Amino acid sequence: MADERELRYDPAAIEPKWQERWASDPTMYAAEPVFCGKPKYYVLEMLPYPSGQLHMGHVRNYSIGDALARHMWMRGYNVLHPMGWDAFGLPAENAALKNNTPPREWTLSNIAAMKRQMERLGLGYDWATEVTTCLPDYYRWNQWFFLRMYERGLVYRKKSKVNWCPECATVLANEQVVEGCCWRHETTLVEQRDLVQWFFRITAYAQELLDGLDKLDDWPEKVRIMQRNWIGRSEGTEVDFFLAEEAGEGNANLEQATEKKPIRVFTTRVDTIFGATSVQLAPQHALVAAFTATDPALKAQVDELLDQQKKAREAGDLGAIEKHGVPTGHFAMNPYNGKRVPIWVANYILADYGTGAIMSVPAHDERDFEFATKYGLPITQVIKPSDPSVATELPFCAHEGVLVNSGEYDGLSCDEAQKSLQDVAGRKGFGEAKIIFRLKDWGVSRQRYWGTPIPMIHCDKDGLVPVPDDQLPVVLPPQIEITQQGGSPLGRVPEFVNTTCPKCGGPARRETDTMDTFVDSSWYFYRYTDAKNDHAPFDPKVAQYWFPIDQYIGGVEHAILHLIYSRFWTKVMRDLGLIVNDEPARRLFTQGMVIKDGAKMSKSKGNVVSPDDMIAKYGADATRMYSLFAAPPDRDLDWQEDGVAGVSRFLARVWRLAEKHAPLARTGRGLTVDAPSGVSLKLLRKLHQTIAKITLDFEGRWHFNTCVAAIMELVNDLQAADAQLDAGEVSAPVMLELLRSLVLLLAPLAPYLAAELWEVLGEEGAVLRAPWPVSNPGLAREDELEIPVQVNGKLVTVVTVAADATTATIEAAALAGEKVQSRTAGKTVVKVIVVPGKLVNLVVK
RNA sequence: GCCCGGAUGGCGAAAUUGGCAGACGCAGCGGACUUAAAAUCCGCAGGCCGCAAGGCCGUGGGGGUUCAAGUCCCCCUCCGGGCACCA
């Protein structure tokens, strides 16, 4: 019985044993002090939301990060490999509603469950640095940062549109609006409501966030492009069109017109301004309200436009809105030529981009052309192609052209014209060059319970008063009844709301909004470096040692929000003097999704594979190794359970081989490998080739799938030589090197099996503390090579030559081959191409 | 519409710099061991034709460059992702 069990690879026995040992040694995965003298390496995986269950996407993400961390430990680095919990957020409140469990309790028990799963997977985290964002020792620093930002004018309040779900009776974040509906109530249309909201002035850093992308060479190009588009820098000109109410044709009365507030438009093509034939306002534009106040008919039409916008927005497809517009009956004057143009209101003009007003130049803009054609507005061409042979077809939107019909500017190129028109506008005071961004300030108010309370106090006498630092944290009241009523839940807790004004000591009310959870994840990775600090968010000296993160790993779904907010936060912290780095992470890696049966794993598709089931059936090593083996990490991974079984079979083969030959290997300790030959040489050669290949992959390419394949090849060779191994044709020191190295190579990929076999081989200490094997180039080199020989590009034969054979030798060997002879008989060899070490190609006629 | 990816055997994939297409694994087939099965081990395996030797075809489709193309260039199709009246 005992014998039978010994012959079987049993992860269910091996893995719990090592879990226990690792748990009992807190230094196992702990970062060393910053003065340890080793080079540092900070590897970070995105922290999960504690839903209560790890999914395969997590397993994949963490398997990559853990393999890297283990590899770096073995390379002698001081590694920081932390983990935490993005623990605030609406699901906890939903769970409270559903199960009557307090959000805190629900969240903490989920964390415990997921931490247990991580331990089962054998992920090597330094739990001493664990960060849980919903605990006051973390979120107090959110509040602290909020106050520092408030002091610097980076926090402000304004009235703003919010997404409102009438069913939940609460505000939703943009990302919780799915195709115009609430993510929880898929058929409930989200409404827009006006509320006073807190904002972070991220736009103050728009230019720097954009410029910084150029330096992030080791971020995926895809992510950088997405961020560039999101920031959306646009160079152009703002120009005032004066109101010209006087009826009649011809030039308006300038004196009269300039008395009123002009309409400021933004354009990237001020060179086309002589072709402006109308001014278009967004329905929400302030002037529209002024017009409609005295014109009920117009108001009805504008309401119609607003309604169309709203419907399109709810459908999640503002881009597809059919263009509609109404003339206001009012007129504006082009400041360059005094020309009067009608003012329209149109549904496709965005109120929150630029100035909410445009000049319409139908001849040189697709949209304006469509609109003008529909409503019969005049179309005036003012740019002609610089190449006169090109026929002009309107709209002509190219930037390469020459001005016509533009008075004194005729003949100028578009670029020249833009410059002089901007100069004139500046001189005469009716406009200026302007750079605008699509990026909006970050609305952080949430009318929810389970988030960081915003540390502000409303006093009737003193107005808005920040909570003094020594009164932080503003703690969430623990017992609160979660209901479906609208408004901030904290507003219904008098003990929380009622306070005294820090300035006057009089009665005052606390702010009841909480912060967006993206605040939590914007700086959590700094807290890891000094997680227990209760005087500051972290010690700047320690952060300076660890930052920037050397490798950040996560899903591409965070390409914009989290990764822009984090970059913003880093720049703010730098300006607060807390850190010296400009960017949080030197390298970013975005892994692919986990797919099953052609679709992303999801509950609704019913194709979810539980990590726990996989671990129970095949072990954590096989589960992790499969997730690395099935596809390169940047591509989508198709989960096939048979593949996990295959990896598990492979690990069993390794286990049997090691168990069988370990006794011989152990006797090789302390002995040197003498000049190997025969099967020993072949195996050592394969080993050193494998070490070189895997080392190279860890250093950059990260094709862990081929690393696993390479180890499989090595094991296959060992297996194939098993008869010779049994016959003693491999000496003890060679066997030791083979098995030892194999275990070291496996250590980052299958840590349990590696730890177990390390012990079986009689090694002292943890395999993680053993140095990564080094490839010996002399041993890795082949002494003979097989060179394919082609005739006219078609493979004819393969010749074996010495690895250092000269071109002439290779050519002679190739020509001597029988098959080559018969192929070339009676023909002329026109050309011989010899690529040493690669191939020979004979061109014959 | 614009911008990124991607398309290779029955399936997941490999080919790192233009140099033997299909490594490694899954599924399949044949054999050994076994009373039998499981497990394990050995072997076969891109397609078509052929008894075989061998031949022809083959990396989404079409063209091109090259002695040589999965890889480089041009055009097109399909799939995935992101953005989308941003003035």
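Labels below follow one simple rule: chain letters A, B, ... track the order of the sequence lines, proteins then strands, and each chain is numbered from 1. Everything numeric here is computed off the predicted structure, so don't read it as measured data.
- Ranking B:A13, B:G12, B:U16 by closeness to the A:Asn705 side chain, first place goes to B:A13.
- Taking only side-chain nitrogens and oxygens, A:Ser360 never comes nearer than 4.0 Å to OP1 or OP2 of B:A87.
- Closest contact between the side chain of A:Ala709 and the listed nucleotides B:C24, B:A87, B:G12 involves B:C24.
- Between A:Gln719 and B:C41 there is a side-chain N or O to OP1 or OP2 distance below 4.0 Å.
- At most 12 heavy atoms of other shown residues, nucleotides or ligands fall within 6.0 angstrom of atom CZ in A:Arg781.
- B:A39 is unpaired under the Watson-Crick or G-U wobble criterion, no partner having all donor-acceptor distances under 3.5 Å.
- Remark: A:Arg438 is in phosphate contact with B:A84, judged by side-chain N or O atoms under 4.0 Å from OP1 or OP2.
- Distances shorter than 4.0 Å separate none of the side-chain N or O atoms of A:Arg228 from OP1 or OP2 on B:C3.
- Look at A:Asn716 and you'll find a side-chain N or O under 4.0 angstrom from OP1 or OP2 of B:G25.
- Judged by distance alone, the side chains of A:Lys617 and A:Ser648 never bring a donor and an acceptor atom under 3.5 Å apart.
- Summarising the base pairing, B:U59 is matched to no nucleotide, lacking a Watson-Crick or G-U wobble pair whose two defining distances lie under 3.5 Å.
- Distances were taken from every side-chain heavy atom of A:Lys838 (C-beta onward) to each of B:G12, B:U16, B:G19; the shortest belongs to B:G19.
- In this structure, A:Asp642 reaches the sugar-phosphate backbone alone: every heavy-atom distance under 4.0 Å involves primed, P, OP1 or OP2 atoms, never a base.
- For B:A27, the OP1/OP2 oxygens have a side-chain nitrogen or oxygen of A:Arg649 closer than 4.0 Å.
- Note that A:Lys323 lies outside the cation-pi zone of A:Phe371, set by a 6.0 Å cut-off to the ring centre and a 45° limit from the axis.
- At the heavy-atom level, A:Ile349 lies under 4.0 Å from base atoms of the strands shown.
- Within the nucleic acid shown, A:Val835 comes within 4.0 Å of at least one base atom, counting heavy atoms only.
- Residues A:Glu782 and A:Gln689 have side chains that bring a donor and an acceptor to within less than 3.5 angstrom of each other.
- Listed nucleotides: B:U16, B:A13, B:G12. Nearest to the side chain of A:Lys693: B:U16.
- Atom P of nucleotide B:A84 and atom CG of A:Asn229 are separated by 9 Å, given to the nearest angstrom.
- Using a 4.0 Å heavy-atom cutoff across all strands shown, A:Phe650 reaches no nucleic acid atom at all.
- Pair assignment for B:U34 gives none, since no Watson-Crick or G-U wobble pairing has each distance under 3.5 Å.
- Pair check for B:C11 finds B:G25; Watson-Crick or G-U wobble, both atom distances under 3.5 Å.
- Within 4.0 Å (heavy atoms only), A:Gly232 reaches no atom of the nucleic acid at all.
- B:G1 is paired with B:C83 under the criterion used here, namely a Watson-Crick or G-U wobble arrangement in which both key atom distances are under 3.5 Å.
- A residue-by-residue look at A:Ile225 and A:Asp697 shows that A:Ile225 has its nearest nucleotide of RNA chain B further toward the 5' end.
- Here B:C78 sits opposite B:G6 as a Watson-Crick or G-U wobble pair (both hydrogen-bonding atom distances under 3.5 Å).
- In this model, a donor atom of one side chain and an acceptor atom of the other lie less than 3.5 Å apart for A:Glu641 and A:Tyr618.
- For A:Lys831, the listed nucleotide lying nearest its side chain is B:C67; candidates were B:A87, B:A14, B:C67.
- A:Glu238 places no side-chain N or O within donor-acceptor distance of the main-chain N or O of A:Gly354, the cut-off being under 3.5 Å.
- In this structure, A:Leu561 places its CG atom 12 Å from P of B:G82, rounding to the nearest Å.
- A donor-acceptor pair shorter than 3.5 Å can be found between the side chains of A:Thr237 and A:Gln422.
- Distances shown here put every side-chain N or O of A:Asn792 at or beyond 4.0 Å from the OP1 or OP2 atom of B:A68.
- The nearest heavy atom of RNA chain B to A:Gly643 and to A:Lys794 marks one nucleotide each, and the one closer to the 5' end goes with A:Gly643.
- Base pairing of B:G54: its partner is B:C49, meeting the Watson-Crick or G-U wobble criterion (both donor-acceptor distances under 3.5 Å).
- Here B:G19 sits opposite B:C67 as a Watson-Crick or G-U wobble pair (both hydrogen-bonding atom distances under 3.5 Å).
- Taking syn as a glycosidic angle within 90° of 0, B:G60 does not qualify and is anti.
- Phosphate proximity of B:A14 to A:Arg635: present, with a side-chain N or O under 4.0 Å from OP1 or OP2.
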